[in-house]
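Have a look at the structure below, then the notes.
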Amino acid sequence: MIWIGTSWKMTKTLAEARAFVDGLVARRNAVDGVRAFVLPPHTAIAAVRERLPADVGVIVGAQNAHWAAGGAYTGEVSMRMVADAGATMVEIGHSERRDHFGETDDDVARKVSAAVAAGLTPLLCVGEPEEVRAVGGELEWVAGQVRLGLSRLAPRDRHRVVVAYEPVWAIGDAGREPRPGEIAPVMALLSAGCVPGERIEVAAVLYGGSVNLRNAESLLDVPGTDGLFVGRAAWRVEDFVELIRIGSGAGQSEGKGRRDVGAAW
Ligand code: 13P
């Protein structure tokens, strides 16, 4: 099944979050054909989870959590806390966290293993900055981030991890839309197992960064792409549902979304 998910980043009050959920529930039939996920800010995780009927198959997750089990980490929340609020997935290592909050590959690795220990699906974000792409270093960069991000995880648990390739130059208002050909080699590398000589098999490989209603279909067509991770273009519930419809259509084609969390392949 194709994955279509959105992080709300630092947007949406509780009232806005609830209105989004109500819009989703009103269009619940559209959600059936895909593995949909929503990552609200921490303040809205519990409200979103509680308002979503269990039979509307939307995964709720967090955008970040700390690796420590608990203690004196002012301002942080633990994996167990986000799970307690209703999250079953946690985003880790988004470039905005690496850039603005100094998250290192080792921080990311600690979080990935803490997420799995807490029973959460880690959504490990990787992607090269513009200057690395300019010199053709993206494959090496991304492979390195995946290898380091998974370095504290037992190999038998790698199949629990969803990887999102999000090139930094494509993300957000300052980002530019990628051409499918620009991301294809990276998606091929990630879906093939990433590191020469060592197969790193993960649950799914998603693409994120300037995805929108116009380019979603062609990005989903890129071989090795199991889904899309969307920011701005999915913040209106009507648009999120439209992206889900596009994902559902793409999921009908041969070989797409073949990997499932927990499944051997
Ligand atoms: P945009 O879709 O707004 O470029 O953001 C992508 C992203 O960072 C998803 O987490």
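Source: prediction; values computed, not measured. In each ligand, atom 1 is the first atom listed, and ligand 1 is the first ligand listed.
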Looking only at protein heavy atoms, which one is nearest to [atom], and how far off is it?
atom                   : answer
atom 9 (C) of ligand 1 : E166 OE2, 3.2 Å
atom 2 (O) of ligand 1 : G231 N, 2.9 Å
atom 5 (O) of ligand 1 : K9 NZ, 3.3 Å
atom 8 (O) of ligand 1 : H94 NE2, 2.6 Å

For this session: Determine whether more than 12 heavy atoms belonging to other residues, nucleotides or ligands lie under 6.0 Å from atom CD of E177.
Result: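 Counting other residues, nucleotides and ligands, CD of E177 exceeds 12 neighbours.
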Exercise. Around R176, counting heavy atoms of other residues, nucleotides and ligands shown, do more than 12 lie under 6.0 Å from its CZ?
Worked result: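 Yes, the 6.0 Å shell around CZ holds more than 12 heavy atoms from other groups.
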Using a 4.0 Å cut-off to any heavy atom of [X], which atoms of ligand 1 qualify?
X    : answer
S210 : 1 (P), 2 (O), 4 (O)
G172 : 1 (P), 4 (O)
R232 : 1 (P), 2 (O), 3 (O), 4 (O)

Exercise. Aromatic ring centroids of F229 and Y165 under 6.0 Å?
Worked result: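 Not under 6.0 Å, so no.
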Exercise. Taking atom CD1 of I4 and atom CD1 of I244, what is their separation to the nearest 0.5 Å?
Worked result: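 The distance works out to 7.0 Å.
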Exercise. Angle class for the F20/F240 ring planes (parallel below 30°, perpendicular above 60°, tilted otherwise)?
Worked result: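 Tilted, since the angle between the ring planes falls between 30° and 60°.
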Exercise. Any nitrogen or oxygen of F229, main chain or side chain, under 3.5 Å from a nitrogen or oxygen of ligand 1?
Worked result: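 No: no nitrogen or oxygen of F229 is under 3.5 Å from one in ligand 1.
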Less than 3.5 Å apart, which donor and acceptor atoms pair up between the side chains of residues 66-79 and the rest of the protein, not counting sequence neighbours?
| unit_1 | atom_1 | unit_2 | atom_2 | d |
| --- | --- | --- | --- | --- |
| H66 | ND1 | A68 | N | 2.9 |
| S78 | OG | R80 | N | 3.4 |
| S78 | OG | M81 | N | 3.1 |

Exercise. Do W8 and Q63 have side-chain N/O donor and acceptor atoms under 3.5 Å apart?
Worked result: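 Side chains of W8 and Q63: no pair found under 3.5 Å.
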Problem set entry | Proximity flag G175 to ligand 1, non-hydrogen atoms under 4.0 Å |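 Judged by the 4.0 Å heavy-atom criterion, G175 does not count as contacting ligand 1.
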